[in-house]
Structures are given as C-alpha cells and as structure tokens.
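Written out below as structure tokens is the structure these notes cover.
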Amino acid sequence: MNILVLGGGGREHAISWALAKSPRCTELYVAPGNGGTANIARNVKDLNAEDAQAVLAFAQAHNIELVVIGPEAPLVAGVADVLREAGIPVFGPDAQGAQLEGSKTYSKRFMDANGIPTARYQSFTDAASARAYCEELGAPLVVKADGLAAGKGVIVAAELEQAEEAVRECFGGTFGDAGNTVVIEEMLVGPECSLLAFTDGKTVVPMVSSMDHKRAHDHDEGLNTGGMGTVAPNPYYTPAIAAECMEKIFLPTIQAMNAEGCPFKGCLYFGLMLTPDGPKVIEYNCRFGDPETQVVLPLLESDLLKIMTACTEGTLAD
Ligand code: AMP
Ligand code: GLY
C-alpha cells in the first residue's frame, strides 16, 4: 500500500515509524517530513499539506491508497473532504468534524447539547461582555481564544486582573483571528489526562492513556506551551475512570457526531481533567496529540496500518 503522511513534527515521525513496520506498507511519503522521517520514508519537502488540490494531485500521481493527516490546520482547512470526494481513503475527519478542535465555541456547544461533562462557560465577541462574565464567575478562571492558536491561546488566570488582561489581549489581536471570539470558563482542578482514540465513526477504541505537561517553568507556574513533555500510561487513569469515560464521554461524542451527519474517521483526542466530580472534557483535538503520539504509538502492539484502514473502511469493530 502506498501511503502519504502529512506533517513534519515528531508526531508524524512516530506515525510514520509505526506505519513503516507494517508488512502491507510499500511506499511511504511524508510531506514535508523532517530529519527523522527521512530515515524511514521519502520526504516531499515542496508539497504544501494545507493545499488540498496539490495534495490530491500528488496522491493521484503516486497511486496513494491512504492519506494520514497529522496536524490540525489541513484538517480544519478541509483537505480530507477534497481527498475523500476524489475517492482517496483518508485517516482524519472532514472539516466539520475538525471543528471540534477548530472552534472552542463549537465544541463547548456540542458538549452542552449532548450532555458531555465539561467546564461551565460562555462565549463572547466583545470585550465588555466578556469582562462582565469574568466578574460574575470570579477568579480563578480560564480565558480561551476560540480558534487555533498552536496550544498557546489559553490563559489560566489566578486573579481577575490577569483574566481581564487576557481578554484584552485576545480581542487586541495577540492570537490573530483566532481571538475574535473568546470563551471564558470556570477553572477545573485535578490531574490531566490525554486520551487518544481510534474511531471509524461508529466504534471507538481508546489507545493507552498519556499525560501531557503544558505549562512552562518549574511547578507549572508559567504560561501554557504547545506541550513540554509527556508520559504513558497516565498514572491517574484507572480502569474505573476509563469505564466512566467510555460511558459518559467517548461513546456519546461519537454518537453525537454521527447524529450531526459527520461521522468522525480518524484519531479523536480527548483532553480530560480528572476532577473530584468525575472526568470532564477540557478540549477535543481532531488528530493525534503532539507530543503524546511519541510515547503512545511505540506502545501499540498491533499493526497501525491495519487499524487505520479499518477506520477509513468502517470496520473497526472487527
Ligand atoms: P486547551 O487548549 O483548551 O486544552 O487548554 C490548554 C490547557 O489549559 C489544558 O491542557 C489545561 O492545562 C488548561 N486548561 C484549559 N481549560 C481549563 C479549565 N477549564 N480549567 C483548568 N485548566 C484548563
Ligand atoms: N499535546 C497537546 C496537543 O496535542 O494538542
């Protein structure tokens, strides 16, 4: 099978490494790839992963039978939609499914509408109303740019002044268009857990749990980064919590996406907070986590290519 992986990070190296082990993998291309992927695949440096037509042309020219989309930007841009329409199997959701990550307002509304446990919130398009809600909630609280901000658009504010400053920054353009809408929510406490799951839109199969370390500086006192390090399995994710997450979070999410007419085919990332009131969703990502993938996929004993094919064909239950 000829495969094209889109992306150029450590995550895509881990995905490519796992795919390359499959006996069914013949040619493996990574666009743009990196120094690591160059050792196990062919890098395609000049292919822009966010240019759907260019990706389609490459896929057709090289008889690609599976495209695996690593980062969120091409997913949100609808690259999967264009490929699927042309009959090329894709591991990754279409643009609407990718909105689970692409818009925090969308994902919060989705969770609210489907009874999926998450932090109390409201969404704003002007600073005055946002500030008023900050005062109503009181510190500590969390201010989030609505759109994609490379993991840096979330400010956990211990004091009200810090939250107000974050609101000013979002609407002032620090996160570009991603900050035109701002989500404000209550702060949750507890250990965090990243849970990556395979899904074909009907069945959901969680991978081993992991834990991401996001905040800069000692004692987690700095700002959020895109991810500083990671371990798997997550020591706080017990079998009882896993069962609760499956019942209250994973299955309802997959079923609700189906009901909205956009079955999710790919890796759905559940960012969880294990609170004293039970597990709650902090965020969804529409793709493998980075850096979680680098510790999760090396623990996968099965053939990743077989699993990904099952996700695209709708046979994951088998
Ligand atoms: P997000 O991009 O929404 O995952 O947020 C990035 C990080 O900010 C999370 O991994 C948490 O560490 C933190 N965070 C986000 N929302 C909350 C919340 N409601 N309560 C506490 N911490 C949060
Ligand atoms: N590790 C966080 C993320 O992939 O978004």
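Note that this is a predicted model, so its numbers are computed, not measured. When a ligand or atom number is given, it counts from 1 through the structure's own listing order.
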Ligand-side contact atoms (ligand 1) for residue partner K144, heavy atom cut-off under 4.0 Å:
3 (O), 15 (C), 16 (N)

Relative to the heavy atoms of M273, which atoms of ligand 1 are at a distance of less than 4.0 Å?
21 (C), 22 (N)

Is there a side-chain contact between S16 and L28 (heavy atoms, below 4.5 Å)?
yes

Pair R131 + E164: basic N to acidic O under 4.0 Å:
no

Give a yes or no on whether Q60 atom CD has more than 12 heavy-atom contacts from other residues, nucleotides or ligands under 6.0 Å away.
yes

Taking the minimum heavy-atom distance to atom 17 (C) of ligand 1, which of K108, E185, M187 ranks first?
E185

Quick check: E283 and ligand 2, any N/O pair under 3.5 Å apart?
no

Does atom CD of E159 have more than 12 heavy-atom neighbours, drawn from other residues, nucleotides or ligands, at distances under 6.0 Å?
no

Numbered in order shown, the ligand 2 atoms found under 4.0 Å of a heavy atom of E292 are 1 (N), 2 (C), 4 (O)

Quick one: list whatever passes ring pair (Phe, Tyr, Trp, His ring centres under 6.0 Å) with F58, sequence neighbours left out.
Y29, H62

Parallel, tilted or perpendicular: rings of F198 and F288 (30°, 60°):
perpendicular

With sequence neighbours excluded, residues passing salt bridge (charged side-chain N to carboxylate O under 4.0 Å, His left out) with K265
none

Ligand 2 atoms nearer than 4.0 angstrom to some heavy atom of N285 are 3 (C), 5 (O)

Any Y269 heavy atom less than 4.0 Å from ligand 2:
yes

At under 4.0 Å between heavy atoms, which part of E72 makes contact with ligand 2: side chain, backbone, both or neither?
neither

Please say whether L188 places an N or O atom under 3.5 Å from an N or O atom belonging to ligand 1.
yes

Do the side chains of E185 and K104 get close enough for a salt bridge, i.e. N-O under 4.0 angstrom?
no

Look at ligand 2 and say whether R287 reaches it with a heavy atom at a distance under 4.0 Å.
yes

Quick note on ligand 2: atoms under 4.0 Å from a heavy atom of G289 include exactly 4 (O)

At a 4.0 Å threshold, what atoms of ligand 2 neighbour a non-hydrogen atom of D212?
1 (N), 2 (C)

Would you mind finding which of V142, L141, N285 brings a heavy atom closest to atom 23 (C) of ligand 1?
V142

A student checking ligand 1 against K104 at a 4.0 Å heavy-atom cut-off should list atoms 1 (P), 2 (O), 3 (O)

Are L274 and F270 in one and the same hydrophobic cluster, where Ile, Leu, Val, Met, Phe, Trp and Tyr link if side-chain heavy atoms are under 4.5 Å apart?
yes

